[in-house]
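Take a look at the structure below.
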There are 2 protein chains.
Amino acid sequence: MTTMKIEDEIKQTAFKTEYHKAYINMLYTSNWLVQEQSNLFKPFGVTLPQYNVLRILRGQHPKPATVSLLIERMLDKTSNASRIVDKLEVKGLVTRKQCPNDRRTVDVLITDKGLALLKQMDDLDGGSKTGIRNLTEQETAELNRLLDKIRD
Amino acid sequence: MTTMKIEDEIKQTAFKTEYHKAYINMLYTSNWLVQEQSNLFKPFGVTLPQYNVLRILRGQHPKPATVSLLIERMLDKTSNASRIVDKLEVKGLVTRKQCPNDRRTVDVLITDKGLALLKQMDDLDGGSKTGIRNLTEQETAELNRLLDKIRD
DNA sequence: TGCAAATATATGTACATACATTTAATGTAC
DNA sequence: GTACATTAAATGTATGTACATATATTTGCA
């Protein structure tokens, strides 16, 4: 993928301010990263949100997780964890059963098939093929600082 | 909105590397910005993608734009411009008519109602209520540099 | 005890994304 | 000038997001 400065990518002549440019640049780069990762994941038949839920479940394994816990850990708090778990259940990557202690809650558990799939995918995520590259460690730390500061 | 470091926000203990943390931080902050702007726009009855299309159309006005041009300028190239224009047409914010020269293409034109709506919204976007704040001009320029470098 | 409030999850609806396919119109090669 | 490829836009389908509402269960308190 040949990459250009953000002005060229969206064929816009100029931005009003450096702030406005950074805003567009943030959304654009975030989309870019998501799409890149999603392409890598396609052969494995799981979407990015589904992958993220599987990761959380592996973190809990062999303990189950409730849907509430999934929501709490998900990047996008308002997304619909129930329906993402639906898709994973159909694929046999997780199981879901009512918790005996509190029958309102549901125990979601990653299956062996799910664990095996994640193992296959491990080298993709965080590997050199995806994510933040091209930056030095110091630049990456600075990026983290700037992002945290934006949300202050 | 009280904001915390990214580790606390998604209740994760630690990240493997600074790069991994920056990746999550990018997606999280981008979502955060989008949601913030979308909340501001809600009272006006247009979504963020719809707003962005209206902005492009105003940039062309009084000339019309084709759907291809919209796609070219949109942040998310793979999104479905036709259907976003559908929604805007229903709301009377744009008109759509077949172009006489090339009957494959469609001239999309922002209406007076659309222009008036944008005028109302102008102070929100790029104003102090949304977008990149808290950063100095220099920090913002550095952020732009880092983002461009990621996509290199 | 009994009943209202709170909690956990699921469901409904509108919108958008991602991507494949379709339809119509234009361009091009022969 | 007909046949085939190309282009522009729309449509179909699966997924996800955002938000409101529904349903079941538990908790807490009068």
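Atoms considered below: every heavy atom in the structure, side chains included; atoms not considered: hydrogens, waters and symmetry mates.
- For B:Asn144 and A:Asn25, the side-chain atoms include at least one donor-acceptor pair closer than 3.5 Å.
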Stepwise side chain to side chain contact (heavy atoms under 4.5 Å, CB included) test for B:His20 and B:Ile24: CA-CA 6 Å; B:His20 186 226; B:Ile24 303 292; 4.1 Å; yes
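- The distance between atom CG of B:Leu75 and atom C1' of C:dA18, rounded to the nearest whole Å, is 16 Å.
- Nucleic acid contact class of B:Ile84 (heavy atoms, under 4.0 Å, all strands): sugar-phosphate only.
- Screening B:Arg96, B:Lys97, B:Lys113 for a salt bridge (charged side-chain N to carboxylate O under 4.0 Å, His left out) involving B:Glu89 leaves a single residue, B:Arg96.
- Backbone-only contact: B:Asn101 has heavy atoms under 4.0 Å from sugar-phosphate atoms and none from a base.
- Cluster annotation: B:Leu109 and B:Val94 are assigned to distinct hydrophobic clusters (Ile/Leu/Val/Met/Phe/Trp/Tyr, side-chain heavy-atom contacts under 4.5 Å, transitive).
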So which protein N/O to nucleotides 7-15 of chain C N/O distances come out below 3.5 Å?
unit_1	atom_1	unit_2	atom_2	d
C:dT7	O2	A:Arg104	NH1	3.1
C:dT9	OP1	A:Val67	N	3.3
C:dT9	OP1	A:Val106	N	3.1
C:dT9	OP2	A:Ser68	N	2.7
C:dT9	OP2	A:Ser68	OG	2.2
C:dA10	OP1	A:Arg96	NH1	3.2
C:dA10	OP2	A:Ser82	OG	2.5
C:dA10	OP2	A:Arg96	NH1	3.4
C:dT11	O4	A:Asn80	ND2	3.3
C:dG12	N7	A:Arg83	NH1	3.2
C:dG12	O6	A:Arg83	NH2	2.3
C:dT13	O4	A:Arg83	NH2	3.4

Please test A:Ile84 against A:Ser79 for side chain to side chain contact (heavy atoms under 4.5 Å, CB included), starting from the C-alpha separation and ending with a verdict. CA-CA 9 Å; A:Ile84 293 174; A:Ser79 85; 4.2 Å; yes
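- Distance, A:Trp32 CH2 to C:dA18 P: 15 Å, rounded to whole Å.
- Ion pair B:Arg151/B:Asp148 flagged as a salt bridge, since at least one NZ, NE, NH1 or NH2 atom sits closer than 4.0 Å to an Asp/Glu carboxylate oxygen.
- Atom-to-atom, CD of A:Glu36 to P of C:dA18 comes out at 14 Å; the value is rounded to the nearest Å.
- When rounded to the nearest whole Å, the span between CD of B:Gln98 and C1' of C:dT26 equals 13 Å.
- Nucleotide C:dT17 holds its P atom 12 Å from the CG atom of A:Leu27, rounded to whole Å.
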